[in-house]
Amino acid sequence: MQFNINNLFTDKLPADPNTENSRRQVTTGYYSYVTPKKTANPQLIHTSDELLNDLGISPEEANAEDFLKVFTGNAVLAGTKPYAMLYGGHQFGNWAGQLGDGRAINLFEIDHNEQHWALQLKGAGETPYSRSADGLAVLRSSIREYLMSEAMYHLGIPTTRALSLALTGDQVLRDVMYDGNPAYEKGAVVCRVAPSFLRFGNFQIFTARNDINGLQKLVDFTITNHFPELGEPSKETYLEFFKNVTRQTLETIIHWQRVGFVHGVMNTDNMSILGLTIDYGPYGWLEGFEWGWTPNTTDRQHKRYRFGNQPNIGLWNLYQLANALYPLVEEADGFEEILDEYKTDYEEKSLQMMADKLGITNPEETDLKLIADLEDCLQLSETDMTIFFRKLADFKKDNSVAGYDLITEAFYLPELTSEQEKQWNEWFASYARRLQQETNSDVQRKKAMNAINPKYVLRNYMAQLAIDKADAGDYSLVNTFYTMLKKPYDDQPEYEEWFVKRPDWARDKVGCSMLSCSS
């Protein structure tokens, strides 16, 4: 394999001078050099053909021994030095101090076709930031990350990507639900790809340690290499940088709300400075519409990271980033103005997003009631979000087809009460009246709605089915879902069996409803 190596991060920023791979506080540098752990019997399960092409890797190279060794951590590409990044962060609202890449090892950075990419292994062994963990990953969590990274990309949502999924041949001890019942699972490694893996926490750690020179050097590096359009670093540029991060973060969260994705653990160390969806751990897919749902067992009591709270948490996290950047500007007004814009922009973008989902081309403030009434209906009758919006595209503005009859297969409740049915019929009557104000035809509206309301998503139970099969050595469902989710907005009749509600057996099954941070 031949790459155009361009290690921006390690070439421009100093390393931790201590080269011993021991768990410790790292007080100097931005990263620590580490060597991935060699594995017993690496086996490649799947690769992303599109990402291979984007990185300039041919199918022949991807099937070669060198590829397997490098992307499972069993060999280091000549001329490169793998490393783990230093960062801190707020976890569940509390400052956690030093965190860092505890089970991620960055291999190298490359340029290809005028794009810059950083390549990183997840699950390749301990680093100085592993704390009490082993730095490894299991097949279960690796399949979830691999499939969802690529699925999100094809949904049009900013995200890190996944290049490859491989078994290590090692056994890894995990307590899946943190209930005192650990068991050995198959070890695995995913190669993650992004323009940068910098997080809010990379900046926070330097401010927390009152290392303002270190902070400025990192911010200047980030602006120069990832936001060059902002110009030379200055106080004004730092505010523009923060404004860009704020806008990109909001854009991504609006996308999450659009499709019903719940991240599950929006700690500041899991927030990308580029606004990417990063760190696929205990994420979940909203099935029955519920503002208060969280997939994370650790968050079961307080539900900090519930579906309906994601925009608020995005803002809270941005406040923490503003606090981290404040020493470079030393004036609060600019930050406060940008954060206030987030609130206003959220209201506008959220309205536009919901109007798009409903096929309304020119939303008005009066549409807020139509949307609120719909959300009440969806929640009170436990309605499958994905199926509902896809079926809604078949509604006729003259109300010639009863809307209620269109969506009955989206209900999880075995039977709706007469009051619930009445509530739905009243909403459809309001919706029909609103559509009659639109100039586009039913056909045009359906096309527009189907372009943003996906038909196929990686439901939690589907991921678990793929995991169960893979655990038995059958990777067919991994490939099926990878292929299907490349075209989530297309009808794809050959995959119709996956356009269904979550089955009853999956309602409370581990991996299908609630997941732990080890997921």
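Predicted model only: the values in this text are computed from it and were never measured.
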Minimum heavy-atom distance [X]-[Y], with the two atoms named:
X      : Y      : answer
Ile157 : Arg258 : CG1-NH2, 4.0 Å
Pro454 : Ile452 : CD-O, 3.3 Å
Thr160 : Ile278 : CG2-CG1, 3.8 Å
Met462 : Phe481 : O-CE1, 3.1 Å
Phe389 : Leu358 : CE2-CD2, 4.1 Å
Tyr489 : His154 : CE1-O, 3.8 Å

Should [X] and [Y] count as side-chain neighbours, where that means a heavy-atom distance under 4.5 Å?
X      : Y      : result
His302 : Phe92  : no
Leu198 : Tyr87  : no
Tyr346 : Asn312 : no

Atom [atom1] of [X]: over 12 foreign heavy atoms under 6.0 Å:
X      : atom1 : value
Lys81  : NZ    : no
Tyr184 : OH    : no
Lys469 : NZ    : no
Gln301 : CD    : no
Lys501 : NZ    : yes
Asp504 : CG    : no
Glu114 : CD    : no

Could I get the full list of side chain to side chain contact (heavy atoms under 4.5 Å, CB included) partners for [X], not counting sequence neighbours?
X      : answer
Val76  : Pro36, Thr80, Pro82
Tyr153 : Glu50, Thr159, Arg161
Asp111 : Asn4, Asn6, His116
Asp170 : Thr39, Ala40, Thr168

Checklist entry - Tyr129 pairs by side-chain contact (heavy atoms from CB on, under 4.5 Å) with which of Val34, Val26, Leu99? => result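 Going through the options one by one, the only one that passes is Val26.
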
Next on the checklist: As a test of understanding, state which of Val189, Leu165, Leu163 forms a side-chain contact (heavy atoms from CB on, under 4.5 Å) with Phe71.
Outcome noted: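 Result for side-chain contact (heavy atoms from CB on, under 4.5 Å) with Phe71: Leu163.
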
Checklist entry - Does Glu287 come within less than 4.0 Å of Arg502, counting only side-chain N to carboxylate O? => result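 Salt bridge between Glu287 and Arg502, a charged N being under 4.0 Å from a carboxylate O: yes.
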
Nearest-0.5 Å distance, [atom1] of residue [X] to [atom2] of residue [Y]:
X      : Y      : atom1 : atom2 : value
Arg192 : Phe197 : CZ    : CZ    : 6.0 Å
Met385 : Leu378 : CE    : CG    : 8.0 Å
Ile45  : Ile143 : CD1   : CD1   : 6.0 Å
Asn225 : Ser196 : CG    : OG    : 9.0 Å
Met266 : Asn317 : CE    : CG    : 5.5 Å
His46  : Tyr482 : NE2   : OH    : 6.5 Å

Next on the checklist: List the residues meeting salt bridge (Lys or Arg N to Asp or Glu O under 4.0 Å) with Asp491, not counting sequence neighbours, and say none if there are none.
Outcome noted: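 Arg390, Lys455.
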
Checklist entry - How are the rings of Phe241 and Phe203 set to each other: parallel, tilted or perpendicular (split at 30° and 60°)? => result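 Because their plane-to-plane angle lies in the 30° to 60° range, the rings of Phe241 and Phe203 count as tilted.
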
[X] side chain to [Y] backbone, donor-acceptor under 3.5 Å:
X      : Y      : value
Lys69  : Asn74  : no
Asp468 : Leu465 : no
Ser130 : Thr127 : yes
Tyr342 : Pro311 : yes
Arg24  : Ser22  : yes
Gln310 : Gln257 : no
Tyr319 : Leu339 : no

Going by the rule ring-ring contact (aromatic ring centres under 6.0 Å, His included), which residues pair with [X] if we only count those two or more places apart in sequence or in a different chain?
X      : result
His90  : Trp95, Trp316
Trp291 : Phe289, Phe307
Tyr475 : none
Phe221 : Phe9

Pair [X], [Y]: side-chain N/O donor-acceptor within cut-off below 3.5 Å:
X      : Y      : result
Asn296 : Thr294 : no
Gln320 : Thr268 : no
Thr10  : Tyr33  : no
Glu109 : Asn7   : no

Once side-chain hydrogen bond (donor to acceptor under 3.5 Å, both in side chains) is applied, do any residues pair with [X], and if so which ones, sequence neighbours excluded?
X      : answer
Tyr412 : Asp384
Lys357 : Asn453
Tyr30  : none

Next on the checklist: Under the salt bridge (Lys or Arg N to Asp or Glu O under 4.0 Å) test against Asp134, which residue among Arg23, Arg174, Arg103 passes?
Outcome noted: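 It is Arg174, the one option of Arg23, Arg174, Arg103 that forms the salt bridge (Lys or Arg N to Asp or Glu O under 4.0 Å) with Asp134.
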
Next on the checklist: Test side chain to side chain donor-acceptor pair (under 3.5 Å) on Gln352 and Asp356; report intermediate values, then the result.
Outcome noted: CA-CA 6 Å; Gln352 184 64 61; Asp356 289 342; 2.9 Å; yes

Next on the checklist: So if I apply the side-chain hydrogen bond (donor to acceptor under 3.5 Å, both in side chains) rule between Tyr305 and each of Asp299, Asn270, Asn267, which one comes out positive?
Outcome noted: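 Testing each of Asp299, Asn270, Asn267 against Tyr305, the sole residue satisfying side-chain hydrogen bond (donor to acceptor under 3.5 Å, both in side chains) is Asn267.
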
